[in-house]
Colleague: 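Please find one structure pasted underneath; my questions will follow.
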Amino acid sequence: MSKKVRVRFAPSPTGGLHLGGVRTVLYNYLFAKKHGGDFIVRIEDTDQSRYVPGAEEYIFDCLRWCGLEPDESVQHGGAFGPYRQSERKSLYRAYAEKLITQGDAYYAFDTPAELEAMRKQYKTDQNPSPQYDHTLRLRMRNSLTLSAEEVNQLLSSGTPHVIRIQMPGSGTIAFTDMIRGDVSFDMSTVDDKVLLKADGMPTYHLAVVVDDHLMQISHAFRGEEWLPSAPVHLRLWEKLFGRDAMPQWAHLPLILGPNGKLSKRDGAKYGFPVFAMNWTDPKSGETIEGFRERGFLPEAFINLLAMLGWNDGTEKELFSLEELVQAFSMERVHSAGAKFDYEKAKWFNHEWLRRKPLEEIIIALRSQFGSLDSLGSLGSLKWERIVALVRERCHLLTDFVEETRYFFEYPKSVDMASIQPKWSSEKAAFFSALLVRYDSLADWNAAALEECFKTLATEQSIKPGELMLPLRIMLVGGKFGPGVFDIADILGKVETIRRIELLTVQLSNN
RNA sequence: GGCCCGUUCGUCUAAGGGCUAGGACACCACCCUUUCACGGUGGUGAUACGGGUUCGAAUCCCGUACGGGCUACCA
């Protein structure tokens, strides 16, 4: 039991990396780090027809953004390579043939057309999807139905063929899932899955077992959608390497969208992203939005994903990655699927926006919004003050654009309706006088500005409250934002005076 | 259809036989605030249903219903 903890994430590089995938990575990573183990990323690219250029790079970019660096992978190296299954192609066939020798697998020569014909022929209302299983395999063209001579002849003449596992026609097979407990299957209901494809590549079923063994994986975590194929993998372990060598498994609950399983396509429909980062399909050129581009901080993204199906047993909800490593345990992972709640996701980001160091938020903002770069001329000191003032009003990094706009440009629209009805010549006089005082103010800071403002109001016998809203609207254009005098402070004398003057004139002319 | 997994407030969840089923998000009200937000206080709101087992069940068992996943030479 002192076996070194080694876990793996095994994505197929076919497109964007979605929420559920990242959470699987996260749980793998947390488990590995918690137990001082290794986190391996293995690329499952055994289906060359689904090869998508750039997808592999993209996955690693996502992991990097999330701060979940693998210990071993195509990019990180390691002693158990190659980490791309397409590069391991040559080693799978021997295992499949070993199974044939043992009588646990067989060659099958059925063409795709023949398979289709079989499904059509045996399809009934009772059985809408006939399976290549113990009830049907004797009616197909394979090494079970053909004579040895025929099989040898077909093989030596290079006839395309696959190797299928031969599942027993009776008996049960079971295992203990770390999350679900005992799970068992009736083997007679499991079909003879293809192990080795006609192109010589293994299917997932063979590859996952062989590679988990060769890479000495101690714990295998994957999505619940894999549970139905577990009996095939169990059988393979049993027949190839022995059950004792098998990793401990945990099938993670699914993350659901509003209508069931999150589909990569439906991102736009849901109103929230499904991918970690923007993914542009190289063929169609279509881009599907990611959480990063939507304005999420990686800390928040990780945090919210961790809490989707797991908790530490206390009421704590805000965790840094380090805290998660400390607190995580697979036993506390919920077994039921979780519907993704975008409102709560935004709350997590909001919380991280409030607690993350200012400088880091500014970096995140800069690297994210080119449009704000030109405004960087303000200097980092001013930026820190601005971010400190508006951060608690923002849920997403993108919110900063609107929340800080008035610092950099004259408000695009001004809510005149909120001042006009109560505007008076007295107020006009007040602001005219204020302009003079502000212009000659020695120290331009929030406290002095407020002091000066209130003194003048008292002198002119107007309640400051009557004047604060007009001032705010003059400066920011609407009823929002942090304290007015803080804003005026940052805006500076010239701009503040300009905005007050502009509006005072405009209001008096109406 | 078959197989597998699941079912506590709208959502994420706590409570793994024993006090008025707890928290968070969202929502509502009030307070704070001379704007918005933050914050504070309070509120609405859940054990799918039916049987057992037990002194006692959200918790254990069975059934039903509902939800989800799988059912490719895709992963």
Side-chain angles (χ1 to χ4, degrees), chain A residues 10-14 44-47 49-50 85 108 110-112 115-116 119 123-133 160-164 177 179-180 183-186 188-191 193-205 207-208 222-231 251 253-254 256 258-261 304 307-318 332 334-348 350-351 354 389-395 403 415 418 454 463-469 471-473 476 478-484:
Chain A
S12 65
T14 53
E44 309 240 345
D45 57 348
T46 53
D47 185 357
S49 70
R50 294 212 304 163
Q85 286 180 331
D110 316 276
T111 64
L115 290 173
E116 200 183 323
R119 293 196 180 99
K123 180 175 172 173
T124 61
D125 284 346
Q126 295 308 303
N127 183 11
S129 46
Q131 300 206 305
Y132 202 122
D133 61 11
H161 63 278
V162 301
I163 295 178
R164 285 179 182 272
D177 188 279
I179 295 171
R180 284 150 221 285
V183 181
S184 69
F185 305 83
D186 181 345
S188 70
T189 65
V190 180
D191 61 327
K193 288 270 185 265
V194 169
L195 263 20
L196 202 74
K197 300 187 264 191
D199 64 3
M201 280 287 198
T203 59
Y204 171 83
H205 307 294
V208 72
R222 65 206 328 186
E224 188 185 345
E225 71 268 28
W226 289 108
L227 208 39
S229 56
H251 289 86
L254 263 18
L256 284 350
N259 323 297
K261 194 181 184 183
L304 71 93
M307 302 309 290
L308 216 49
W310 172 87
N311 69 83
D312 75 341
T314 72
E315 281 169 2
K316 183 177 163 80
E317 287 192 283
L318 266 12
R332 286 203 66 88
H334 215 63
S335 54
K339 203 173 286 182
F340 183 72
D341 181 359
Y342 184 55
E343 291 306 315
K344 184 131 190 188
K346 284 194 294 190
W347 174 78
F348 274 107
H350 181 226
E351 290 298 323
R354 295 178 58 193
L389 284 176
V390 304
R391 74 205 299 200
E392 63 196 23
R393 271 152 249 264
C394 297
H395 281 80
E403 289 295 336
D415 181 11
S418 292
K454 289 188 168 164
K463 280 187 284 186
E466 299 276 308
L467 300 162
M468 300 270 280
L469 191 63
L471 176 61
R472 164 175 300 281
I473 290 174
V476 314
K479 293 193 263 189
F480 61 90
V484 240

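The chains referred to below are lettered A, B, ... by the order of the sequence lines, with proteins before strands, and numbering in each begins at 1.
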Colleague: Partner of rU47(B) by Watson-Crick or G-U wobble geometry, both contacts under 3.5 Å, or none?
Modeller: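 No nucleotide pairs with rU47(B).
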Colleague: Do Ser12(A) and Asp47(A) have side chains that get closer than 4.5 Å, going by heavy atoms?
Modeller: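 Heavy-atom side-chain distance check fails, nothing below 4.5 Å.
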Colleague: Is the backbone N or O of Cys394(A) less than 3.5 Å from a side-chain atom of Arg354(A), with the two atoms forming a donor-acceptor pair by type?
Modeller: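 Not a single qualifying donor-acceptor pair exists.
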Colleague: Taking the side chain as every heavy atom from C-beta outward, state whether Glu44(A) and Pro202(A) have any pair of such atoms under 4.5 Å apart.
Modeller: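 Side chain of Glu44(A) against side chain of Pro202(A), heavy atoms only: no contact under 4.5 Å found.
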Colleague: Taking rU47(B) as the reference, what is the distance to rU20(B) when you measure between their C1' atoms (whole Å, please)?
Modeller: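 To the nearest whole Å, 16 Å.
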Colleague: Using whole Å, what does the distance between atom C1' of nucleotide rC25(B) and atom CZ of Phe348(A) come to?
Modeller: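 To the nearest whole Å, that distance equals 8 Å.
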Colleague: Taking the C1' atom in each of rC3(B) and rC12(B), what is the distance between them to the nearest angstrom?
Modeller: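 It works out to 29 Å between them.
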Colleague: Taking syn as a glycosidic torsion within 90° of 0 and anything else as anti, which one is rC60(B)?
Modeller: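 The base of rC60(B) is oriented anti (glycosidic angle more than 90° from 0).
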Colleague: Starting at CG of Asn127(A) and ending at P of rG1(B), how long is that distance when rounded to a whole Å?
Modeller: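 So the two atoms are 12 Å apart, to the nearest Å.
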Colleague: Checking Arg393(A) against Phe480(A): charged group under 6.0 Å from the ring centre and within 45 degrees of the axis?
Modeller: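 Negative - Arg393(A) is either too far from the ring of Phe480(A) or too far off its axis.
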Colleague: Any Lys/Arg nitrogen of Lys339(A) or Asp341(A) sitting under 4.0 Å from an Asp/Glu carboxylate oxygen of the other?
Modeller: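 No, no charged N to carboxylate O under 4.0 Å.
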Colleague: Please state whether the phosphate of rA75(B), meaning OP1 or OP2, lies under 4.0 angstrom from any side-chain nitrogen or oxygen of Lys197(A).
Modeller: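 Yes, within the criterion.
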Colleague: Are any of Arg472(A)'s side-chain N or O atoms less than 4.0 Å away from OP1 or OP2 of rC36(B)?
Modeller: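 So the side-chain polar atoms of Arg472(A) never come under 4.0 Å of the phosphate oxygens OP1 or OP2 of rC36(B).
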Colleague: With rounding to the closest Å, how many angstrom separate the C1' atoms on rA65(B) and rA72(B)?
Modeller: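 rA65(B) and rA72(B) have their C1' atoms separated by 32 Å.
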Colleague: Select base, sugar-phosphate, or nothing to describe what Ile473(A) touches, counting heavy atoms under 4.0 Å on all strands.
Modeller: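 Contact class for Ile473(A): none.
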Colleague: Checking base pairs now: Watson-Crick or wobble, both atom distances under 3.5 Å. What partners rG16(B)?
Modeller: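 Its partner: none found.
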Colleague: Find the distance Arg50(A):CZ to rC74(B):P and express it as a whole number of Å.
Modeller: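 After rounding, the reported distance stands at 9 Å.
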Colleague: Among rC73(B), rU35(B), rC25(B), which is the nearest nucleotide to the side chain of Leu469(A)?
Modeller: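 That would be rU35(B).
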Colleague: Taking only nitrogen or oxygen atoms into account, show me every contact under 3.5 Å that the protein makes with nucleotides 7-14 of chain B, one pair per line with its distance.
Modeller:
residue	atom	partner	partner atom	Å
rC12(B)	OP1	Lys339(A)	N	2.8
rC12(B)	O2'	Met307(A)	O	3.3
rU13(B)	OP1	Gly309(A)	N	3.0
rU13(B)	O3'	Asn311(A)	ND2	3.0
rA14(B)	OP1	Asn311(A)	ND2	2.9
rA14(B)	OP2	His334(A)	ND1	3.2

Colleague: His251(A) versus Val183(A): any side-chain heavy-atom pair under 4.5 Å?
Modeller: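 Of all side-chain heavy-atom pairs linking Val183(A) with His251(A), none is under 4.5 Å.
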Colleague: What's the gap between rA46(B) and rU54(B) when it is taken at their P atoms, as a whole Å value?
Modeller: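 Per the computed distance, 31 Å lies between those P atoms.
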Colleague: What integer distance in Å separates Phe480(A):CZ from rC38(B):P?
Modeller: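 Rounding to the nearest Å, CZ of Phe480(A) and P of rC38(B) are 16 Å apart.
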Colleague: Excluding sequence neighbours, so at least two apart, what forms side chain to side chain donor-acceptor pair (under 3.5 Å) with Glu224(A)?
Modeller: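 Checked Glu224(A) against side chain to side chain donor-acceptor pair (under 3.5 Å); zero matches.
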Colleague: Using Watson-Crick or G-U wobble geometry with both distances under 3.5 Å, which nucleotide pairs with rG10(B)?
Modeller: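 Checking every strand shown, rG10(B) finds its partner in rC25(B), with both distances under 3.5 Å.
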Colleague: Grab the CD-P distance between Glu224(A) and rC70(B) for me, whole Å please.
Modeller: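 Between P of rC70(B) and CD of Glu224(A): 10 Å.
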Colleague: Is the closest side-chain donor-acceptor distance between Asp415(A) and Ser418(A) under 3.5 Å?
Modeller: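 A donor-acceptor contact under 3.5 Å links the two side chains.
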Colleague: Within the structure, does a side-chain N or O atom of Thr46(A) lie under 4.0 Å from either OP1 or OP2 of rA75(B)?
Modeller: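 For rA75(B), OP1 or OP2 has a side-chain N or O of Thr46(A) closer than 4.0 Å.
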Colleague: Identify the residue among Lys344(A), Glu351(A), His350(A) that makes a side chain to side chain contact (heavy atoms under 4.5 Å, CB included) with Phe348(A).
Modeller: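 Per the side chain to side chain contact (heavy atoms under 4.5 Å, CB included) rule, the option paired with Phe348(A) is Lys344(A), out of Lys344(A), Glu351(A), His350(A).
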Colleague: Between Trp226(A) (CH2) and rA72(B) (C1'), how many Å, whole number?
Modeller: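 Those two atoms, CH2 and C1', are 11 Å apart.
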Colleague: Closest to the Lys193(A) side chain: rU71(B), rC38(B), rG68(B)?
Modeller: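 Of the options given, the side chain of Lys193(A) lies nearest rU71(B).
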Colleague: Select base, sugar-phosphate, or nothing to describe what Val183(A) touches, counting heavy atoms under 4.0 Å on all strands.
Modeller: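 Contact class for Val183(A): sugar-phosphate only.
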Colleague: Could you measure between the two P atoms, the one in rC9(B) and the one in rA14(B), and give it in whole Å?
Modeller: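 Looking at atom P only, rC9(B) and rA14(B) are 12 Å apart.
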Colleague: Roughly how many Å apart are rA15(B) and rU8(B), using the P atom of each and rounding to a whole number?
Modeller: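 That atom pair is separated by 14 Å.
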Colleague: Short question: side chain of Thr203(A), backbone of Val194(A) - any donor-acceptor pair under 3.5 Å?
Modeller: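 Side chain of Thr203(A) to backbone of Val194(A): a pair is present.
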Colleague: Is any side-chain nitrogen or oxygen of Arg391(A) closer than 4.0 Å to OP1 or OP2 of rC38(B)?
Modeller: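 It does not, given that no N or O in the side chain of Arg391(A) lies less than 4.0 Å from OP1 or OP2 of rC38(B).
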Colleague: Distance-only, no hydrogens or angles: does the Lys123(A) side chain make a donor-acceptor pair with backbone N or O of Asp125(A) under 3.5 Å?
Modeller: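 Looks like no, no N/O pair under 3.5 Å.
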Colleague: Which whole-number value in Å describes the distance from Leu227(A) CG to rC3(B) P?
Modeller: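 Result: 15 Å.
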Colleague: Answer yes or no: does atom NZ of Lys316(A) have more than 12 heavy-atom neighbours from other residues, nucleotides or ligands under 6.0 Å?
Modeller: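 Yes, because the 6.0 Å sphere around NZ of Lys316(A) holds more than 12 heavy atoms from other groups.
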Colleague: Which is true for Glu392(A) with a 4.0 Å heavy-atom rule: it touches a base, it touches only sugar-phosphate, or it touches nothing?
Modeller: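 Contact class for Glu392(A): base.
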Colleague: Does Ser184(A) reach a base, just sugar-phosphate, or nothing at all? Heavy atoms under 4.0 Å.
Modeller: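 Answer is sugar-phosphate: Ser184(A) comes under 4.0 Å of backbone atoms only.
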Colleague: Let's see if you can work this out: which of rG68(B), rA75(B), rU34(B) has an atom nearest to the side-chain heavy atoms of Ser12(A)?
Modeller: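 So the side chain of Ser12(A) is nearest to rA75(B).
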Colleague: Searching all strands shown, indicate the nucleotide that pairs with rU35(B) (Watson-Crick or G-U wobble; both distances under 3.5 Å).
Modeller: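 Base-paired to nothing in any strand shown.
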Colleague: May I ask you to say whether Lys346(A) pairs ionically with Glu343(A), meaning some side-chain N is under 4.0 Å from a carboxylate O?
Modeller: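 Salt bridge: yes.
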Colleague: Atom OH of Tyr342(A) and atom P of rA26(B): how far apart are they, to the nearest Å?
Modeller: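 Atom OH in Tyr342(A) sits about 13 Å away from atom P in rA26(B).
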Colleague: Under the salt bridge (Lys or Arg N to Asp or Glu O under 4.0 Å) rule, collect the residues that match up with Arg332(A), sequence neighbours excluded.
Modeller: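 Arg332(A): no salt bridge (Lys or Arg N to Asp or Glu O under 4.0 Å) contacts found.
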Colleague: Would you mind telling me which residue lines up with the more 5' stretch of RNA chain B, Glu403(A) or His395(A), judged by nearest nucleotide?
Modeller: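 Counting from the 5' end, the first nearest nucleotide belongs to His395(A).
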Colleague: Using the C1' atom on both, measure rU13(B) against rA58(B) and round to a whole Å.
Modeller: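 14 Å, rounded to whole Å.
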Colleague: How would you list, by chain and number, every residue that makes a ring-ring contact (aromatic ring centres under 6.0 Å, His included) with Tyr204(A), sequence neighbours excluded?
Modeller: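 For Tyr204(A) the ring-ring contact (aromatic ring centres under 6.0 Å, His included) partners, ignoring immediate neighbours, are Trp226(A), His233(A).
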Colleague: Partner lookup for rC30(B), please. Criteria are Watson-Crick or G-U wobble with both distances under 3.5 angstrom; report none if nothing qualifies.
Modeller: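 Checking every strand shown, rC30(B) finds its partner in rG40(B), with both distances under 3.5 Å.
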Colleague: Looking across every strand, which nucleic acid part, if any, lies under 4.0 Å from Asp186(A) by heavy atom: base, sugar-phosphate, or nothing?
Modeller: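 Contact class for Asp186(A): none.
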Colleague: Give me, pair by pair, the N or O atoms of the protein and of nucleotides 42-49 of chain B that are less than 3.5 Å apart, along with how far apart they are.
Modeller:
none

Colleague: So Pro253(A), base contact, sugar-phosphate only, or nothing? Heavy-atom distance under 4.0 Å.
Modeller: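 Here Pro253(A) touches no strand at all.
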Colleague: When the C1' atoms of rG10(B) and rC70(B) are compared, how many Å lie between them, rounded to an integer?
Modeller: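 rC70(B) and rG10(B) have their C1' atoms separated by 29 Å.
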Colleague: Measure from the side-chain heavy atoms of Glu315(A) and tell me the nearest of rG22(B), rA26(B), rG1(B).
Modeller: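 Nearest nucleotide to the side chain: rG22(B).
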Colleague: For Phe185(A) and Arg393(A), take the nucleotide of RNA chain B holding the closest heavy atom to each; which residue's nucleotide lies nearer the 5' end?
Modeller: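 First, find each residue's nearest nucleotide; the 5'-ward one identifies Phe185(A).
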Colleague: Can you check nucleotides 64-66 of chain B for protein contacts, nitrogen or oxygen pairs under 3.5 Å, and list what you find?
Modeller:
none

Colleague: For Pro482(A), report the nucleic acid contact type (base, sugar-phosphate, nothing); a contact means any heavy atom under 4.0 Å.
Modeller: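 Contact class for Pro482(A): base.
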